Amino acid sequence: MKRIVFRHEYKYLLNKFQYDVLKSRLKFLDRDPYCEDKGFYTVRSLYLEDLKSNSHYEKESGINNRNKIRFRTYNNSTDFIVLENKSKIGQLVNKKSHKIPKSFVDQLLQNPVLLNDTLRKEFPSIESNTTTRFYRPKVLIQYEREAFVIKNQNNLRINFDKSITASLDTSQFFQNIQNTNQITNSQRIVLEVKFTNYLPEHIRFLLTTSNSSLISFSKYAKSISFFN
């Protein structure tokens, strides 16, 4: 049986000055290869939610053990689409991802029964003890990501997520999104620090000196709260 690996994930909300200072201090790190052309890449996620909005409720209520399910593309490419279940226990995260061709994604989004049958097959843990959650597309979220990496067994990643926008028109997943709503402006940047085993001391020092505060920030929860 394959061992489930949970990674640490910490988030900080930066202002523009903190972002500029910290980014300059991280120039010794390698950039994620996807950032080479523009200095960033675009992440677009189509989040799914059940009929009782449990994913949003669990986040807002501070429930320790929760998950989110989404389709995701990078740089708006339809050549690489993943269906992903992100499970979280406190600051520990596990992701189960499956690459899916666009033709099948189209079928899933048009057929709720097929979608939920597929989810139960790929992610059995989404079922509660008493009822089966019935998921449907909920919100479309897009943002620009700058990413730095240290490629070793610790697999450290540092992401700067900017210009987060959201739309309830989930039919635009593969289109140019119209009528988006800005969730964070240019003066607010979400910093994500992810690693498997430990946070290197020099990285910990940089985060400390940047005068940042650890926060609980969910792009999904913030987007849903915006529309509510």
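Keep in mind it's a predicted model, so treat the numbers as computed, not measured. One is the number of the first residue; the rest follow in order along the sequence.
- Side chains of R44 and T73: a donor-acceptor N/O pair is absent below 3.5 angstrom, by distance only.
- Under the 3.5 Å distance criterion, with hydrogens and angles disregarded, no donor-acceptor pair is assigned to the side chains of S167 and D169.
- In this structure, Q18 contributes its side chain and N15 its backbone to a donor-acceptor pair below 3.5 Å.
- A pairwise comparison of heavy atoms in L168 and K138 identifies CD2-O, 3.6 Å as the closest pair.
- Under the side-chain contact (heavy atoms from CB on, under 4.5 Å) criterion, S53 pairs with E49, not counting sequence neighbours.
- For K102, the salt bridge (Lys or Arg N to Asp or Glu O under 4.0 Å) partners at least two apart in sequence or on another chain are D106.
- Across L115 and R136, no two heavy atoms sit closer than the pair CD2-CA, 4.4 Å.
- For F17, the CZ atom sits in a loose shell: 12 or fewer heavy atoms of surrounding residues, nucleotides or ligands are nearer than 6.0 Å.
- In this structure, Y135 has no ring pair (Phe, Tyr, Trp, His ring centres under 6.0 Å) partners at least two apart in sequence or on a different chain.
- Residue N228 places its CG atom among more than 12 non-hydrogen atoms of other residues, nucleotides or ligands, all under 6.0 Å distant.
- When the shell of 6.0 Å around OH of Y34 is examined, it contains 12 or fewer heavy atoms from other residues, nucleotides or ligands.
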**OP:** Mind running side-chain hydrogen bond (donor to acceptor under 3.5 Å, both in side chains) on S97 and E84 for me, showing each step along the way?
**Re:** CA-CA 4 Å; S97 300; E84 186 171 78; 2.8 Å; yes
Original post:
Hey, mind stepping through K162 and Y19 against side-chain hydrogen bond (donor to acceptor under 3.5 Å, both in side chains) and telling me if it holds?
Top reply: CA-CA 10 Å; K162 301 181 291 183; Y19 159 73; 3.1 Å; yes
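- For the side-chain contact (heavy atoms from CB on, under 4.5 Å) test with F160, the passing option among E146, E144, E192 is E146; the others fail.
- Between I141 and K219, the closest heavy-atom pair is CD1-O, 3.5 Å.
- Checked for salt-bridge contact, K121 and D117 miss the test: no charged N lies under 4.0 Å from a carboxylate O.
- Between the side chain of N116 and the backbone N or O of P112, at least one donor-acceptor pair lies under 3.5 Å.
- Checked against the 6.0 Å centroid threshold, H56 and Y47 do not count as a close aromatic pair.
- Taken to the nearest 0.5 Å, the NZ atom of K151 stands 12.5 Å off from the CG atom of L156.
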Subject >> Audit row: R70, S45, side-chain hydrogen bond (donor to acceptor under 3.5 Å, both in side chains) steps and yes/no >> reply: CA-CA 6 Å; R70 64 199 179 199; S45 298; 4.6 Å; no
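- A side-chain donor-acceptor contact under 3.5 Å links R7 to the backbone of N155.
- Taking the charged nitrogens against the carboxylate oxygens, D32 and R157 do have a contact shorter than 4.0 Å, which makes a salt bridge.
- V193 is not connected to F40 by any chain of hydrophobic side-chain contacts under 4.5 Å among Ile, Leu, Val, Met, Phe, Trp and Tyr, and they are in different clusters.
- Side-chain N or O atoms of N185 include one that pairs as donor or acceptor with a backbone N or O of R188 at under 3.5 Å.
- In terms of modelled atom types and a separation under 3.5 Å, the side chain of S77 and the main chain of Y74 share no donor-acceptor contact.
- Considering every non-hydrogen atom in both Q182 and T165, the closest pair reads CA-CG2, 4.3 Å.
- In this structure, R31 and G39 approach most closely via the heavy-atom pair NH1-O, 3.1 Å.
- Taking each heavy atom of N154 and N197 in turn, the nearest pair found is OD1-N, 2.7 Å.
- The number of heavy atoms from other shown groups lying within 6.0 Å of NZ (K95) is above 12.
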